[in-house]
Chemist: 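Once you've had a glance at the structure underneath, I'll fire off some questions.
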Amino acid sequence: MAVSDSPQVRVRIAPSPTGFAHLGTASTTLYNVLFARVNSGTFTLRIDDTDIERNREEYERLIYEALHWLGFEWDEGPDKGGPYGPYRQSERLDLYREAAAKLIGESKAYRCYCTPEELDAERKQAQAEHRPYVYSRRCLTNPPTDRTVFTVRFHVPGGEVKFTDMVRGEMTFDSDLFGDFIIVKSDGYPTYNFASPLDDAAMQITHVIRGEEHLPNTPYQLLVVDALGYARPQAFAHMPLILAPDGSKLSKRKHPEANLMLYREQGYLPEAMVNYLALLGWNPGTERETFTLDELVAEFTFDRVQHGGARFDRKKLDWINGEYIRSLEDDDLTARLKTFLPDLDEATIERAAPALKTRLRVLGEAKALLEYLWADPPAPELSPEDRQRVKAAAVALSLLQEWEPVPIHDVLMQVVESSGLGPNATFMPIRLAVTGKKISPPIDYTLALLPKDVAMARIARAIQ
RNA sequence: CGACCGGUCGUCUAGUGGACUAGGACACCGGCCUUUCAAGCCGGGAAUCGCGGGUUCGAAUCCCGCCCGGGCUACCA
(Lines give C-alpha, C1' and ligand atoms only; values in the text may rest on other atoms or scores of the structure.)
Protein backbone atom coordinates (compact mmCIF):
# COMPACT_ATOMS: atom_id res chain seq x y z
CA MET A 1 0.00 0.00 0.00
CA ALA A 2 2.23 2.73 -1.24
CA VAL A 3 0.99 6.24 -0.74
CA SER A 4 2.36 8.22 -3.61
CA ASP A 5 0.81 11.58 -2.87
CA SER A 6 3.10 14.22 -1.44
CA PRO A 7 5.60 14.32 1.34
CA GLN A 8 8.07 11.69 2.27
CA VAL A 9 6.47 9.13 4.54
CA ARG A 10 7.66 9.38 8.13
CA VAL A 11 6.45 6.96 10.78
CA ARG A 12 7.48 6.33 14.35
CA ILE A 13 7.10 4.06 17.30
CA ALA A 14 7.03 5.64 20.72
CA PRO A 15 7.44 3.08 23.46
CA SER A 16 7.69 4.11 27.08
CA PRO A 17 10.52 2.56 29.07
CA THR A 18 8.45 1.37 31.99
CA GLY A 19 9.24 -2.33 32.01
CA PHE A 20 10.36 -5.19 29.86
CA ALA A 21 10.03 -4.95 26.09
CA HIS A 22 6.45 -5.83 25.22
CA LEU A 23 5.05 -8.06 22.49
CA GLY A 24 2.74 -5.24 21.49
CA THR A 25 5.74 -3.03 20.84
CA ALA A 26 7.16 -5.65 18.51
CA SER A 27 3.88 -5.90 16.69
CA THR A 28 3.51 -2.14 16.29
CA THR A 29 7.11 -1.88 15.17
CA LEU A 30 6.55 -4.50 12.52
CA TYR A 31 3.63 -2.63 10.98
CA ASN A 32 5.53 0.64 11.05
CA VAL A 33 8.53 -0.97 9.41
CA LEU A 34 6.38 -2.56 6.71
CA PHE A 35 4.72 0.74 5.91
CA ALA A 36 7.97 2.69 5.94
CA ARG A 37 9.66 0.13 3.70
CA VAL A 38 7.00 -0.10 1.05
CA ASN A 39 6.85 3.69 0.86
CA SER A 40 10.62 4.19 1.06
CA GLY A 41 9.89 6.27 4.12
CA THR A 42 11.69 6.97 7.36
CA PHE A 43 11.16 4.95 10.50
CA THR A 44 11.81 6.77 13.75
CA LEU A 45 12.14 5.56 17.31
CA ARG A 46 11.09 7.98 20.01
CA ILE A 47 11.18 7.27 23.71
CA ASP A 48 8.07 8.51 25.50
CA ASP A 49 9.51 8.79 28.98
CA THR A 50 7.23 11.29 30.64
CA ASP A 51 6.31 9.03 33.52
CA ILE A 52 9.15 9.82 35.88
CA GLU A 53 7.80 7.43 38.47
CA ARG A 54 8.19 4.33 36.36
CA ASN A 55 10.84 5.14 33.79
CA ARG A 56 14.23 3.50 34.04
CA GLU A 57 17.12 3.76 31.70
CA GLU A 58 17.69 0.01 31.61
CA TYR A 59 14.23 -0.47 30.17
CA GLU A 60 15.18 1.69 27.22
CA ARG A 61 18.10 -0.60 26.50
CA LEU A 62 15.80 -3.60 26.78
CA ILE A 63 13.62 -2.13 24.05
CA TYR A 64 16.61 -1.63 21.74
CA GLU A 65 17.82 -5.13 22.41
CA ALA A 66 14.47 -6.74 21.73
CA LEU A 67 13.85 -4.82 18.52
CA HIS A 68 17.33 -5.55 17.25
CA TRP A 69 16.84 -9.22 18.01
CA LEU A 70 13.79 -9.20 15.78
CA GLY A 71 15.83 -7.62 13.04
CA PHE A 72 14.35 -4.13 13.20
CA GLU A 73 16.48 -1.04 12.73
CA TRP A 74 15.38 2.58 12.89
CA ASP A 75 16.61 5.52 10.85
CA GLU A 76 16.39 8.04 13.67
CA GLY A 77 16.34 7.57 17.43
CA PRO A 78 17.88 8.55 20.75
CA ASP A 79 20.83 6.24 20.17
CA LYS A 80 21.59 7.42 16.66
CA GLY A 81 20.27 10.95 16.43
CA GLY A 82 18.61 12.52 13.42
CA PRO A 83 17.37 15.87 12.15
CA TYR A 84 14.37 16.02 14.48
CA GLY A 85 16.01 15.25 17.81
CA PRO A 86 16.22 14.93 20.64
CA TYR A 87 14.27 11.68 20.50
CA ARG A 88 13.60 11.35 24.18
CA GLN A 89 10.64 13.28 25.53
CA SER A 90 12.39 14.00 28.79
CA GLU A 91 14.84 16.06 26.72
CA ARG A 92 12.14 18.00 24.93
CA LEU A 93 10.50 19.61 27.94
CA ASP A 94 11.07 23.16 26.67
CA LEU A 95 8.97 22.43 23.63
CA TYR A 96 6.02 21.31 25.70
CA ARG A 97 6.43 24.17 28.13
CA GLU A 98 6.38 26.72 25.34
CA ALA A 99 3.35 25.13 23.74
CA ALA A 100 1.50 25.07 27.06
CA ALA A 101 2.35 28.73 27.68
CA LYS A 102 1.11 29.61 24.22
CA LEU A 103 -2.18 27.83 24.79
CA ILE A 104 -2.64 29.49 28.17
CA GLY A 105 -1.88 32.85 26.60
CA GLU A 106 -4.56 32.27 24.03
CA SER A 107 -7.03 31.02 26.63
CA LYS A 108 -7.03 27.58 25.03
CA ALA A 109 -5.71 26.07 28.22
CA TYR A 110 -5.77 27.08 31.87
CA ARG A 111 -4.16 26.32 35.17
CA CYS A 112 -6.01 23.93 37.41
CA TYR A 113 -5.31 23.97 41.14
CA CYS A 114 -7.61 21.13 42.11
CA THR A 115 -5.99 18.45 44.25
CA PRO A 116 -6.13 14.79 43.28
CA GLU A 117 -8.43 14.26 46.24
CA GLU A 118 -10.86 16.89 45.04
CA LEU A 119 -10.88 15.43 41.56
CA ASP A 120 -11.40 12.01 42.94
CA ALA A 121 -14.41 13.26 44.87
CA GLU A 122 -15.85 14.78 41.70
CA ARG A 123 -15.39 11.50 39.92
CA LYS A 124 -17.00 9.47 42.67
CA GLN A 125 -19.90 11.87 42.77
CA ALA A 126 -20.49 11.42 39.04
CA GLN A 127 -20.27 7.71 39.43
CA ALA A 128 -22.84 7.70 42.22
CA GLU A 129 -25.18 9.73 40.03
CA HIS A 130 -24.62 7.40 37.09
CA ARG A 131 -23.53 10.13 34.76
CA PRO A 132 -20.31 10.28 32.73
CA TYR A 133 -17.54 12.14 34.47
CA VAL A 134 -16.16 15.35 33.03
CA TYR A 135 -14.10 17.90 34.88
CA SER A 136 -16.25 20.58 36.50
CA ARG A 137 -14.17 23.47 35.10
CA ARG A 138 -14.06 24.92 38.55
CA CYS A 139 -10.59 26.37 37.94
CA LEU A 140 -11.65 27.85 34.62
CA THR A 141 -14.48 29.87 36.08
CA ASN A 142 -13.41 30.33 39.66
CA PRO A 143 -9.76 29.54 40.33
CA PRO A 144 -8.53 29.63 43.92
CA THR A 145 -5.96 32.33 44.72
CA ASP A 146 -4.24 30.71 47.67
CA ARG A 147 -2.67 27.73 45.92
CA THR A 148 0.58 27.32 44.04
CA VAL A 149 0.62 23.73 42.82
CA PHE A 150 -1.19 23.37 39.54
CA THR A 151 -1.67 21.33 36.41
CA VAL A 152 -2.56 22.71 33.01
CA ARG A 153 -5.82 21.72 31.45
CA PHE A 154 -6.79 21.94 27.83
CA HIS A 155 -9.98 23.89 27.25
CA VAL A 156 -11.96 21.59 24.99
CA PRO A 157 -13.82 23.73 22.46
CA GLY A 158 -16.38 21.03 21.66
CA GLY A 159 -17.62 19.89 18.28
CA GLU A 160 -16.92 16.89 16.14
CA VAL A 161 -13.44 15.58 15.53
CA LYS A 162 -12.95 13.56 12.36
CA PHE A 163 -9.94 11.71 11.08
CA THR A 164 -8.99 8.93 8.72
CA ASP A 165 -7.99 5.54 10.01
CA MET A 166 -6.39 3.28 7.43
CA VAL A 167 -7.84 0.23 9.15
CA ARG A 168 -11.32 1.46 10.04
CA GLY A 169 -12.06 4.25 7.62
CA GLU A 170 -13.46 7.64 8.62
CA MET A 171 -13.78 8.12 12.36
CA THR A 172 -15.92 10.71 14.12
CA PHE A 173 -15.90 11.61 17.80
CA ASP A 174 -18.02 14.11 19.68
CA SER A 175 -15.69 16.21 21.81
CA ASP A 176 -18.59 17.77 23.72
CA LEU A 177 -18.44 14.60 25.76
CA PHE A 178 -14.77 14.95 26.60
CA GLY A 179 -14.20 17.30 29.48
CA ASP A 180 -11.07 19.40 29.87
CA PHE A 181 -8.10 17.10 30.13
CA ILE A 182 -4.75 17.64 31.76
CA ILE A 183 -1.86 18.40 29.41
CA VAL A 184 0.81 19.28 31.95
CA LYS A 185 1.15 17.42 35.23
CA SER A 186 1.94 19.16 38.50
CA ASP A 187 5.52 17.95 38.21
CA GLY A 188 5.86 19.97 35.03
CA TYR A 189 5.91 16.96 32.73
CA PRO A 190 3.49 16.76 29.82
CA THR A 191 0.89 14.02 29.65
CA TYR A 192 0.89 11.54 26.82
CA ASN A 193 -2.00 13.19 24.99
CA PHE A 194 -0.04 16.44 24.94
CA ALA A 195 3.53 15.42 24.28
CA SER A 196 2.78 12.78 21.71
CA PRO A 197 0.87 14.92 19.19
CA LEU A 198 3.35 17.77 19.67
CA ASP A 199 6.26 15.54 18.85
CA ASP A 200 4.50 13.88 15.97
CA ALA A 201 3.95 17.34 14.50
CA ALA A 202 7.48 18.54 15.26
CA MET A 203 8.96 15.38 13.83
CA GLN A 204 6.83 15.66 10.70
CA ILE A 205 5.23 12.29 11.23
CA THR A 206 2.90 11.60 8.32
CA HIS A 207 1.24 8.37 9.48
CA VAL A 208 0.63 7.30 13.04
CA ILE A 209 0.50 3.52 13.32
CA ARG A 210 -0.13 2.28 16.85
CA GLY A 211 -2.21 -0.03 19.01
CA GLU A 212 -5.97 0.16 19.18
CA GLU A 213 -5.91 1.31 22.78
CA HIS A 214 -4.96 4.72 21.38
CA LEU A 215 -8.01 5.05 19.18
CA PRO A 216 -10.00 7.00 21.80
CA ASN A 217 -6.94 9.18 22.47
CA THR A 218 -6.68 10.34 18.90
CA PRO A 219 -9.40 13.02 19.00
CA TYR A 220 -7.84 14.49 22.15
CA GLN A 221 -4.51 14.73 20.42
CA LEU A 222 -6.02 16.22 17.30
CA LEU A 223 -7.70 18.92 19.39
CA VAL A 224 -4.28 19.85 20.75
CA VAL A 225 -2.65 19.89 17.32
CA ASP A 226 -5.44 22.04 15.92
CA ALA A 227 -5.31 24.49 18.82
CA LEU A 228 -1.61 24.97 18.24
CA GLY A 229 -2.10 25.45 14.54
CA TYR A 230 0.11 22.52 13.65
CA ALA A 231 -0.43 20.17 10.73
CA ARG A 232 -2.21 16.93 11.51
CA PRO A 233 -0.78 13.59 10.42
CA GLN A 234 -2.22 12.47 7.08
CA ALA A 235 -3.72 9.35 8.55
CA PHE A 236 -3.76 6.97 11.47
CA ALA A 237 -3.84 3.19 11.67
CA HIS A 238 -5.02 1.60 14.88
CA MET A 239 -3.93 -1.99 14.97
CA PRO A 240 -5.80 -4.75 16.80
CA LEU A 241 -4.67 -5.50 20.31
CA ILE A 242 -2.82 -8.66 21.21
CA LEU A 243 -4.99 -10.43 23.75
CA ALA A 244 -4.20 -12.81 26.59
CA PRO A 245 -5.91 -16.22 26.65
CA ASP A 246 -8.67 -14.71 28.80
CA GLY A 247 -9.46 -12.11 26.16
CA SER A 248 -8.08 -9.10 27.99
CA LYS A 249 -5.27 -6.92 26.69
CA LEU A 250 -1.83 -8.47 27.22
CA SER A 251 -0.44 -6.40 30.05
CA LYS A 252 3.02 -6.18 31.54
CA ARG A 253 1.70 -6.68 35.03
CA LYS A 254 -0.71 -9.53 34.59
CA HIS A 255 0.94 -11.39 31.75
CA PRO A 256 4.61 -12.28 31.99
CA GLU A 257 4.32 -13.93 28.57
CA ALA A 258 4.13 -10.43 27.11
CA ASN A 259 7.88 -10.18 27.64
CA LEU A 260 9.63 -10.36 24.30
CA MET A 261 12.94 -11.50 25.74
CA LEU A 262 11.27 -14.61 27.06
CA TYR A 263 10.87 -15.82 23.51
CA ARG A 264 14.50 -15.32 22.69
CA GLU A 265 15.47 -17.19 25.84
CA GLN A 266 13.27 -20.14 24.99
CA GLY A 267 14.61 -20.40 21.50
CA TYR A 268 12.08 -18.88 19.18
CA LEU A 269 13.60 -17.65 15.94
CA PRO A 270 13.16 -13.94 15.33
CA GLU A 271 11.90 -14.49 11.79
CA ALA A 272 9.31 -16.97 13.06
CA MET A 273 8.27 -14.47 15.68
CA VAL A 274 7.82 -11.75 13.08
CA ASN A 275 5.91 -14.14 10.84
CA TYR A 276 3.52 -15.10 13.63
CA LEU A 277 3.03 -11.51 14.77
CA ALA A 278 2.15 -10.49 11.22
CA LEU A 279 -0.52 -13.18 11.10
CA LEU A 280 -2.03 -12.03 14.38
CA GLY A 281 -4.62 -9.55 13.22
CA TRP A 282 -3.75 -9.63 9.56
CA ASN A 283 -4.07 -12.18 6.79
CA PRO A 284 -3.06 -12.13 3.15
CA GLY A 285 -6.41 -13.36 1.88
CA THR A 286 -4.76 -16.54 0.66
CA GLU A 287 -4.02 -19.76 2.47
CA ARG A 288 -0.36 -18.97 2.78
CA GLU A 289 1.08 -18.99 6.29
CA THR A 290 4.79 -18.32 6.03
CA PHE A 291 6.33 -15.03 5.04
CA THR A 292 9.74 -13.45 5.22
CA LEU A 293 9.94 -9.78 6.14
CA ASP A 294 10.51 -8.88 2.50
CA GLU A 295 7.46 -10.87 1.48
CA LEU A 296 5.42 -9.14 4.13
CA VAL A 297 6.52 -5.77 2.82
CA ALA A 298 5.17 -6.81 -0.57
CA GLU A 299 1.93 -8.37 0.69
CA PHE A 300 0.82 -6.30 3.64
CA THR A 301 -2.08 -3.86 3.35
CA PHE A 302 -4.02 -2.09 6.08
CA ASP A 303 -7.36 -2.91 4.53
CA ARG A 304 -6.79 -6.57 5.37
CA VAL A 305 -6.14 -5.83 9.02
CA GLN A 306 -8.60 -7.28 11.52
CA HIS A 307 -10.67 -4.81 13.54
CA GLY A 308 -10.94 -6.87 16.70
CA GLY A 309 -8.24 -8.01 19.09
CA ALA A 310 -6.52 -11.35 18.57
CA ARG A 311 -5.58 -13.84 21.23
CA PHE A 312 -1.94 -14.78 21.39
CA ASP A 313 -1.73 -18.52 20.66
CA ARG A 314 1.50 -20.09 21.82
CA LYS A 315 0.69 -23.39 20.13
CA LYS A 316 0.52 -21.82 16.71
CA LEU A 317 3.70 -19.88 17.36
CA ASP A 318 5.34 -23.19 18.28
CA TRP A 319 4.23 -24.68 15.00
CA ILE A 320 5.54 -21.79 12.91
CA ASN A 321 8.79 -21.84 14.85
CA GLY A 322 9.13 -25.57 14.17
CA GLU A 323 8.55 -24.92 10.50
CA TYR A 324 11.36 -22.37 10.47
CA ILE A 325 13.71 -24.65 12.39
CA ARG A 326 13.08 -27.49 9.97
CA SER A 327 13.84 -25.24 7.04
CA LEU A 328 17.23 -24.18 8.45
CA GLU A 329 20.51 -25.43 6.96
CA ASP A 330 22.54 -27.55 9.37
CA ASP A 331 25.23 -24.95 9.86
CA ASP A 332 22.67 -22.24 10.47
CA LEU A 333 20.83 -24.38 13.02
CA THR A 334 24.15 -25.14 14.66
CA ALA A 335 25.05 -21.48 14.97
CA ARG A 336 21.73 -20.65 16.56
CA LEU A 337 21.90 -23.62 18.91
CA LYS A 338 25.28 -22.70 20.37
CA THR A 339 24.04 -20.48 23.18
CA PHE A 340 21.50 -23.11 24.16
CA LEU A 341 24.11 -25.86 24.40
CA PRO A 342 27.10 -24.28 26.16
CA ASP A 343 28.43 -27.70 27.17
CA LEU A 344 28.89 -28.90 23.62
CA ASP A 345 31.41 -28.02 20.96
CA GLU A 346 30.28 -26.82 17.58
CA ALA A 347 31.26 -29.99 15.72
CA THR A 348 29.07 -32.13 17.97
CA ILE A 349 26.12 -29.81 17.61
CA GLU A 350 26.44 -29.89 13.86
CA ARG A 351 26.56 -33.67 13.90
CA ALA A 352 23.35 -33.70 15.90
CA ALA A 353 21.64 -31.04 13.79
CA PRO A 354 19.92 -33.34 11.27
CA ALA A 355 18.43 -35.48 14.04
CA LEU A 356 17.43 -32.43 16.05
CA LYS A 357 15.75 -30.60 13.24
CA THR A 358 12.46 -32.46 13.18
CA ARG A 359 12.29 -32.70 16.95
CA LEU A 360 12.45 -29.08 18.02
CA ARG A 361 9.65 -26.62 18.36
CA VAL A 362 11.99 -24.21 20.12
CA LEU A 363 15.77 -24.25 20.30
CA GLY A 364 15.65 -24.63 24.07
CA GLU A 365 14.29 -28.15 23.69
CA ALA A 366 17.65 -29.32 22.35
CA LYS A 367 19.02 -29.45 25.86
CA ALA A 368 16.74 -32.23 27.03
CA LEU A 369 17.57 -34.23 23.92
CA LEU A 370 21.36 -33.93 24.19
CA GLU A 371 21.88 -33.66 27.92
CA TYR A 372 23.24 -37.20 28.04
CA LEU A 373 26.29 -36.01 26.13
CA TRP A 374 27.64 -34.08 29.10
CA ALA A 375 25.70 -35.45 32.05
CA ASP A 376 26.26 -39.07 33.00
CA PRO A 377 22.85 -40.74 33.43
CA PRO A 378 22.20 -43.30 36.18
CA ALA A 379 22.48 -46.97 35.17
CA PRO A 380 19.05 -48.39 34.33
CA GLU A 381 17.46 -51.48 35.83
CA LEU A 382 17.23 -53.94 32.95
CA SER A 383 15.38 -57.23 32.84
CA PRO A 384 17.47 -60.38 32.20
CA GLU A 385 16.10 -60.54 28.65
CA ASP A 386 16.96 -56.92 27.92
CA ARG A 387 20.41 -57.50 29.32
CA GLN A 388 20.94 -60.44 26.98
CA ARG A 389 20.12 -58.41 23.91
CA VAL A 390 22.21 -55.45 25.02
CA LYS A 391 25.10 -57.84 25.59
CA ALA A 392 24.83 -59.11 22.06
CA ALA A 393 24.74 -55.57 20.77
CA ALA A 394 27.72 -54.62 22.90
CA VAL A 395 29.83 -57.34 21.40
CA ALA A 396 28.93 -56.30 17.88
CA LEU A 397 29.47 -52.64 18.59
CA SER A 398 32.82 -53.18 20.23
CA LEU A 399 34.13 -54.73 17.01
CA LEU A 400 33.08 -51.71 14.98
CA GLN A 401 35.94 -49.72 13.42
CA GLU A 402 34.01 -46.71 12.24
CA TRP A 403 31.91 -45.04 14.98
CA GLU A 404 29.37 -43.38 12.71
CA PRO A 405 25.57 -43.55 12.42
CA VAL A 406 25.49 -45.71 9.29
CA PRO A 407 27.83 -48.52 10.36
CA ILE A 408 26.30 -48.46 13.83
CA HIS A 409 22.91 -48.82 12.27
CA ASP A 410 24.03 -51.72 10.07
CA VAL A 411 25.64 -53.69 12.82
CA LEU A 412 22.71 -53.17 15.19
CA MET A 413 20.27 -54.39 12.59
CA GLN A 414 22.21 -57.62 12.36
CA VAL A 415 21.82 -58.06 16.09
CA VAL A 416 18.13 -57.31 15.82
CA GLU A 417 17.70 -59.87 13.08
CA SER A 418 19.35 -62.64 15.02
CA SER A 419 17.23 -61.77 18.06
CA GLY A 420 14.08 -62.58 16.15
CA LEU A 421 12.33 -59.64 17.81
CA GLY A 422 11.45 -56.13 16.71
CA PRO A 423 14.18 -53.49 16.72
CA ASN A 424 12.74 -51.76 19.73
CA ALA A 425 13.42 -54.73 21.99
CA THR A 426 17.11 -54.13 21.47
CA PHE A 427 17.19 -50.38 20.93
CA MET A 428 15.19 -49.25 23.92
CA PRO A 429 17.40 -50.83 26.58
CA ILE A 430 20.45 -49.43 24.79
CA ARG A 431 18.80 -46.02 24.71
CA LEU A 432 18.07 -46.30 28.41
CA ALA A 433 21.64 -47.34 29.17
CA VAL A 434 23.20 -44.55 27.16
CA THR A 435 20.84 -41.62 27.81
CA GLY A 436 18.84 -42.64 30.87
CA LYS A 437 15.73 -41.64 28.93
CA LYS A 438 13.06 -43.28 26.83
CA ILE A 439 13.23 -40.47 24.32
CA SER A 440 16.29 -39.63 22.28
CA PRO A 441 17.33 -39.15 18.66
CA PRO A 442 17.46 -42.37 16.58
CA ILE A 443 19.67 -44.91 18.30
CA ASP A 444 22.48 -44.77 15.71
CA TYR A 445 22.74 -41.00 16.16
CA THR A 446 22.38 -41.31 19.89
CA LEU A 447 25.40 -43.60 20.01
CA ALA A 448 27.53 -41.91 17.36
CA LEU A 449 27.26 -38.51 19.05
CA LEU A 450 29.02 -39.93 22.10
CA PRO A 451 32.70 -40.94 22.01
CA LYS A 452 32.79 -44.68 21.52
CA ASP A 453 34.52 -45.44 24.80
CA VAL A 454 31.97 -43.44 26.77
CA ALA A 455 29.07 -45.12 25.03
CA MET A 456 30.58 -48.56 25.54
CA ALA A 457 31.25 -47.83 29.19
CA ARG A 458 27.62 -46.91 29.83
CA ILE A 459 26.46 -50.02 28.04
CA ALA A 460 28.89 -52.17 29.99
CA ARG A 461 27.69 -50.68 33.24
CA ALA A 462 24.09 -51.51 32.39
CA ILE A 463 24.78 -55.18 31.73
CA GLN A 464 27.06 -55.85 34.67
C1' C B 1 -21.64 5.86 33.52
C1' G B 2 -20.57 7.36 28.54
C1' A B 3 -19.11 8.14 23.27
C1' C B 4 -15.68 4.17 20.90
C1' C B 5 -14.17 -0.79 18.73
C1' G B 6 -15.49 -5.75 18.18
C1' G B 7 -18.64 -10.78 18.14
C1' U B 8 -17.73 -17.11 11.98
C1' C B 9 -15.09 -24.18 14.80
C1' G B 10 -11.18 -24.25 21.42
C1' U B 11 -7.63 -20.41 18.86
C1' C B 12 -6.02 -17.37 14.38
C1' U B 13 -8.96 -16.58 10.31
C1' A B 14 -11.52 -16.91 4.72
C1' G B 15 -16.07 -14.82 3.56
C1' U B 16 -18.51 -7.93 1.27
C1' G B 17 -26.58 -10.80 -1.12
C1' G B 18 -26.81 -16.75 -4.66
C1' A B 19 -20.42 -20.73 -6.39
C1' C B 20 -21.55 -21.83 1.69
C1' U B 21 -23.82 -29.12 2.24
C1' A B 22 -19.66 -22.08 5.82
C1' G B 23 -13.15 -22.90 3.39
C1' G B 24 -7.96 -22.97 5.49
C1' A B 25 -4.32 -23.11 9.52
C1' C B 26 -2.97 -24.35 14.69
C1' A B 27 -4.71 -27.50 18.47
C1' C B 28 -7.35 -32.18 19.30
C1' C B 29 -8.67 -37.47 17.83
C1' G B 30 -7.67 -41.78 14.60
C1' G B 31 -4.71 -44.37 10.82
C1' C B 32 -0.24 -45.13 7.93
C1' C B 33 5.06 -44.95 8.33
C1' U B 34 8.45 -46.34 12.13
C1' U B 35 13.89 -47.64 16.22
C1' U B 36 11.68 -44.22 21.04
C1' C B 37 10.11 -39.19 20.32
C1' A B 38 9.30 -36.21 16.46
C1' A B 39 8.73 -35.06 11.35
C1' G B 40 5.86 -36.66 7.06
C1' C B 41 1.39 -38.59 4.69
C1' C B 42 -3.94 -39.80 5.01
C1' G B 43 -8.55 -39.27 7.49
C1' G B 44 -11.99 -37.40 11.44
C1' G B 45 -14.75 -34.55 14.96
C1' A B 46 -15.41 -29.55 15.71
C1' A B 47 -19.00 -22.97 13.99
C1' U B 48 -27.50 -23.06 15.64
C1' C B 49 -22.04 -17.45 11.51
C1' G B 50 -23.73 -13.64 19.64
C1' C B 51 -29.51 -13.20 20.09
C1' G B 52 -34.22 -11.29 18.19
C1' G B 53 -36.68 -8.79 14.53
C1' G B 54 -36.93 -6.90 9.68
C1' U B 55 -35.47 -6.03 4.00
C1' U B 56 -35.12 -9.73 -0.04
C1' C B 57 -37.09 -14.96 -4.31
C1' G B 58 -32.53 -15.61 -1.34
C1' A B 59 -28.46 -12.99 4.38
C1' A B 60 -22.64 -14.91 7.83
C1' U B 61 -23.00 -10.86 4.35
C1' C B 62 -27.89 -5.00 4.29
C1' C B 63 -31.15 -2.28 8.37
C1' C B 64 -33.01 -1.86 13.60
C1' G B 65 -33.03 -3.42 18.67
C1' C B 66 -30.79 -6.24 22.41
C1' C B 67 -26.92 -9.15 24.71
C1' C B 68 -21.84 -10.19 25.48
C1' G B 69 -16.56 -8.96 25.24
C1' G B 70 -12.73 -5.33 24.88
C1' G B 71 -10.39 -0.61 24.87
C1' C B 72 -10.71 4.42 26.67
C1' U B 73 -12.87 7.49 30.26
C1' A B 74 -5.63 8.66 35.10
C1' C B 75 -1.52 14.51 37.27
C1' C B 76 0.14 5.75 32.85
C1' A B 77 1.58 5.58 28.11
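Naming: A, B, ... by sequence-line order, numbering from 1 per chain.
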Chemist: What is the base-pairing partner of B:G45, counting Watson-Crick and G-U wobble geometry with both distances under 3.5 Å?
Modeler: none

Chemist: Would one find more than 12 heavy atoms of other residues, nucleotides or ligands at under 6.0 Å from atom CZ of A:R56?
Modeler: no

Chemist: If we take the C1' atom in both B:A77 and B:G71, what is their distance in whole Å?
Modeler: 14 Å

Chemist: Out of B:C4, B:C75, B:C1, which nucleotide sits closest to the side chain of A:H130?
Modeler: B:C1

Chemist: Using a cut-off of strictly less than 4.0 Å, decide whether A:Q127 has a side-chain nitrogen or oxygen near OP1 or OP2 of B:G2.
Modeler: no

Chemist: Taking NE2 from A:H307 and P from B:A14, how many angstroms apart are they, rounded to a whole number?
Modeler: 10 Å

Chemist: A:E287 has an atom CD; how far is it from atom C1' of B:A25, in whole Å?
Modeler: 8 Å

Chemist: Quick one: A:D174 CG to B:G2 P, roughly how many Å, whole number?
Modeler: 15 Å

Chemist: Determine: side-chain N/O of A:K249 to OP1/OP2 of B:C5, distance under 4.0 Å, yes or no.
Modeler: no

Chemist: Check the phosphate of B:A74 against A:R123, side-chain N and O only, distance under 4.0 Å to OP1 or OP2. Yes or no?
Modeler: yes

Chemist: Counting only heavy atoms not in A:E53, do more than 12 fall under 6.0 Å of its CD?
Modeler: no

Chemist: Tell me what A:Q306 touches on the nucleic acid: a base, only sugar-phosphate, or nothing, going by heavy atoms under 4.0 Å.
Modeler: sugar-phosphate

Chemist: Using the C1' atom on both, measure B:U73 against B:U16 and round to a whole Å.
Modeler: 33 Å

Chemist: Do the ring centers of A:F312 and A:Y263 come within less than 6.0 Å of each other?
Modeler: yes

Chemist: Given the P atoms of B:G7 and B:C51, what is the spacing between them in whole Å?
Modeler: 13 Å

Chemist: Summarise protein proximity over nucleotides 30-41 of chain B in one line of letters, 5' to 3': B for base, S for sugar-phosphate only, - for none, counting protein heavy atoms closer than 4.0 Å.
Modeler: -----BBBBSS-

Chemist: Is the base of B:C75 touched by the side chain of A:S186 through a donor-acceptor pair closer than 3.5 angstrom?
Modeler: yes

Chemist: Classify A:T50 by what it touches in the nucleic acid, base, sugar-phosphate, or nothing, heavy-atom distance under 4.0 Å.
Modeler: sugar-phosphate

Chemist: Could you work out the separation of B:G69 and B:U8 based on their C1' atoms and round it to a whole Å?
Modeler: 16 Å

Chemist: Assign A:N217 to base, sugar-phosphate, or nothing according to its heavy-atom contacts below 4.0 angstrom with the strands shown.
Modeler: base

Chemist: Checking base pairs now: Watson-Crick or wobble, both atom distances under 3.5 Å. What partners B:C26?
Modeler: B:G10

Chemist: Checking all strands, does A:R304 fall into the base, sugar-phosphate, or nothing category for heavy-atom contacts under 4.0 angstrom?
Modeler: sugar-phosphate

Chemist: Please give, in whole Å, the distance from B:C28 P to A:K315 NZ?
Modeler: 5 Å

Chemist: Across all strands shown, which nucleotide pairs with B:G40 by Watson-Crick or G-U wobble geometry, both distances under 3.5 Å?
Modeler: B:C32

Chemist: Is the A:Y59 to A:F20 ring centre distance short of 6.0 Å?
Modeler: no

Chemist: If I take atom NZ in residue A:K124 and atom P in nucleotide B:A74, what distance separates them, rounded to the nearest angstrom?
Modeler: 13 Å

Chemist: For A:E213 and A:Y133, find the nucleotide of RNA chain B closest to each by heavy atoms; which residue's nucleotide sits nearer the 5' end?
Modeler: A:E213

Chemist: Nearest-Å distance, CD1 (A:I183) to P (B:A74)?
Modeler: 16 Å

Chemist: Calculate the interatomic distance between A:D165 atom CG and B:C5 atom C1'; express it in whole Å.
Modeler: 10 Å

Chemist: Please report the distance, rounded to the nearest Å, between CG in A:N283 and C1' in B:G23.
Modeler: 12 Å

Chemist: Among B:U11, B:A77, B:A25, which nucleotide sits nearest the side chain of A:R311?
Modeler: B:U11

Chemist: So, are A:K252 and A:E257 salt-bridged, with charged N and O less than 4.0 Å apart?
Modeler: no

Chemist: Taking only side-chain nitrogens and oxygens of A:R54, does any of them come within less than 4.0 Å of OP1 or OP2 of B:C76?
Modeler: no

Chemist: Does the gap between the ring centers of A:F291 and A:F300 come in under 6.0 Å?
Modeler: no

